[in-house]
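Here the structure is a predicted model, which is why all the values come from computation and not from measurement. A, B, ... follow the sequence lines: proteins, then strands. Residue 1 opens every chain.
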Amino acid sequence: MAYRVRIDSFEGPFDLLLQLVARQKVDVAAISITEVTDQYLEYVDRMDEFDLDVASDFLLVAATLLEIKAASLLPDEEHFIGEDMDDLSPEEARDLLVTRLLVYKQFKSVAAELAARMEAVSHMHSRQAGLEEGFVGLMPDYLEGLTLRGLAVICADLLHQREVFLLQAEHVAAAPISLELHTESVSRTLAHRGVARFSELLGQDPSPEIVVVTLLAILELYKRGRIGLRQDQLFDDIVVTPIDTIGAS
Amino acid sequence: MEIDVTLRGAIEALLFVSDEPVSVARVSKILERDQDVVSQMLEMIAEEYRGQERGFQLREVAGGWRLYTHPAHHDAIEQYVLSWDTRRLSQAALEALAVIAYHQPVTRAGINAVRGVNSEAVLSSLIEKGLVKEAGRDRDAGNAILYTTTRTFLEKFGLKSLDELPPLEEFAPDERTEAAIKERFGGPAVAVTEEPDDDSSDLAEID
Amino acid sequence: MEIDVTLRGAIEALLFVSDEPVSVARVSKILERDQDVVSQMLEMIAEEYRGQERGFQLREVAGGWRLYTHPAHHDAIEQYVLSWDTRRLSQAALEALAVIAYHQPVTRAGINAVRGVNSEAVLSSLIEKGLVKEAGRDRDAGNAILYTTTRTFLEKFGLKSLDELPPLEEFAPDERTEAAIKERFGGPAVAVTEEPDDDSSDLAEID
């Protein structure tokens, strides 16, 4: 079961993006994308509490924006295509995003029209009074085949499921950082920076959770053969080197 | 005499959605019109339906006025009702019914909390089928509507009263499951040795 | 023309007890009358209620006919039936519903693709409300569940059938809006020939 936390008034990454785009002055194209991206990231940054499914949707759009932005800033764009968008050039990625935005906008408009219709219809009430006494006996037996014990089992099962659910919810709450997401983020950081020290990957004032999940992330990347690790001395800062950088240098 | 169609329409609309006789006093309060005027209009509507030989009639019964189908069409209605779909209750409806049976009176929020999903549509279908009814409001929960099962529900299961529902403990998860749950809570895996000796207190706990 | 009051009365009585829209075929079968005759009578009854400014109306929705109160008396009814649930659908639910309505049958992935966001919670709430249902699986997409709208959807939105949905093309962003969005993403400067001196109109449209 998913808890949906409202993120300000946005219904999703496309909604946010549309609002940001609308707010901007029409300007030199390259500056536009940069500003939209920055504003978008700022919003994503401010969302400190929401479910992981929603987060990943927002981050995917953020990543796509970043790629487009990076591509638009660099003369040689070919090296900046992320793993996710293997087959797409930055132009294609941008076109895809724009197309999806336009389709989304269309459905947003038609949803508003549907809402208006529903509102109008909701002012007309059908009869909910049920059958007159004389006819009630003729109604089909909706409980046919259901025993009293069957009913009790259903209720007991529900209460049990709820207990288990509450347990799992607690369990999940203790680990708010997804390893997969964080691994991806570390990998992107390394792609930008090249060689980095572990302490640099942590950022300023890292929480213990961040330290743990970052360590797990580099171990995971190491296992996948994507990075090299070096530690000159016990307790020394770990040096993290992306594999393709090693190959290039 | 000119007919006040707005008043007539409003009264008809109220009668249409009502599942019980509506008193003149109640109508006059809601519509902010004199009782005399309302009374006259009710008489007039009843007469109109009679005169036009409508399929429904407006009758004054104990406690007020209420719309009924015209007895002339009894057979057609009977045939119609008998033709109703005998689709059984959905799993969702069964769950809501079970929760209401054991937790009544309970608010919609209470049902949702146990089921973990919204029970709105399911509730109105149970009410339509005469298995569940509204029964007052919970003052402690923002006047939320309380739901209980109906007499029809008791009759279907041949119960004299709700006390005769089988105790839920009989259907609790077995000891191993329970131990596993406790363990996951991080507490010591206490063996469940004793049988619950007092049903009623246990039931109270579930509520 | 003489009105067949017996037929009229019988139809009214059936409509009065029905808890869903009733099709012409069904009425004609129960009353053993031609569908044409029944159809005409239904139209006539609806017209009578309209002409007499009754408090209720007869409407054709979701493949059948059903009695409803006239919207003019909504406020009075709301006062009378306190428990009436008037909660609206969330923006997210409306968006997902719109995608399903126009693309049905559609998988969850299809809905997510348009909305750009996970629609799982919204989808289960739409199912719970009876507006959307599962309808088979898509063999070409790893047996993903397909979703369609329900009859309740048609009824709640006052539609006779899906054909009555407003054409989606009418809601496509116009060329200028499209060009504006493209430009802001640094795309090829698609012919926006005019100077963008009237920004505000463009911007308002994007919102």
Residue pair A:Ser126 / B:Phe16: nearest heavy atoms and the distance that separates them: C-CE2, 3.9 Å

Between chain A and each of B:Ala13, B:Ala93, B:Ala98, count heavy-atom pairs under 4.5 Å; write down the option with the most. B:Ala98

Name all residues meeting the salt bridge (charged side-chain N to carboxylate O under 4.0 Å, His left out) criterion together with A:Arg197; count only those two or more places apart in sequence or in a different chain, and write none if there are none. none

Looking at A:Arg230, I want to see if its CZ is surrounded by more than 12 non-hydrogen atoms of other residues, nucleotides or ligands under 6.0 Å. no

To the nearest 0.5 Å, what is the distance between CG (B:Leu165) and CG (A:Leu151)? 7.5 Å

Mark yes when over 12 heavy atoms from residues, nucleotides or ligands other than B:Glu53 sit less than 6.0 Å from its CD; otherwise mark no. no

Answer with side chain, backbone, both or neither: which region of B:Leu15 has an atom nearer than 4.5 Å to a non-hydrogen atom of chain A? backbone

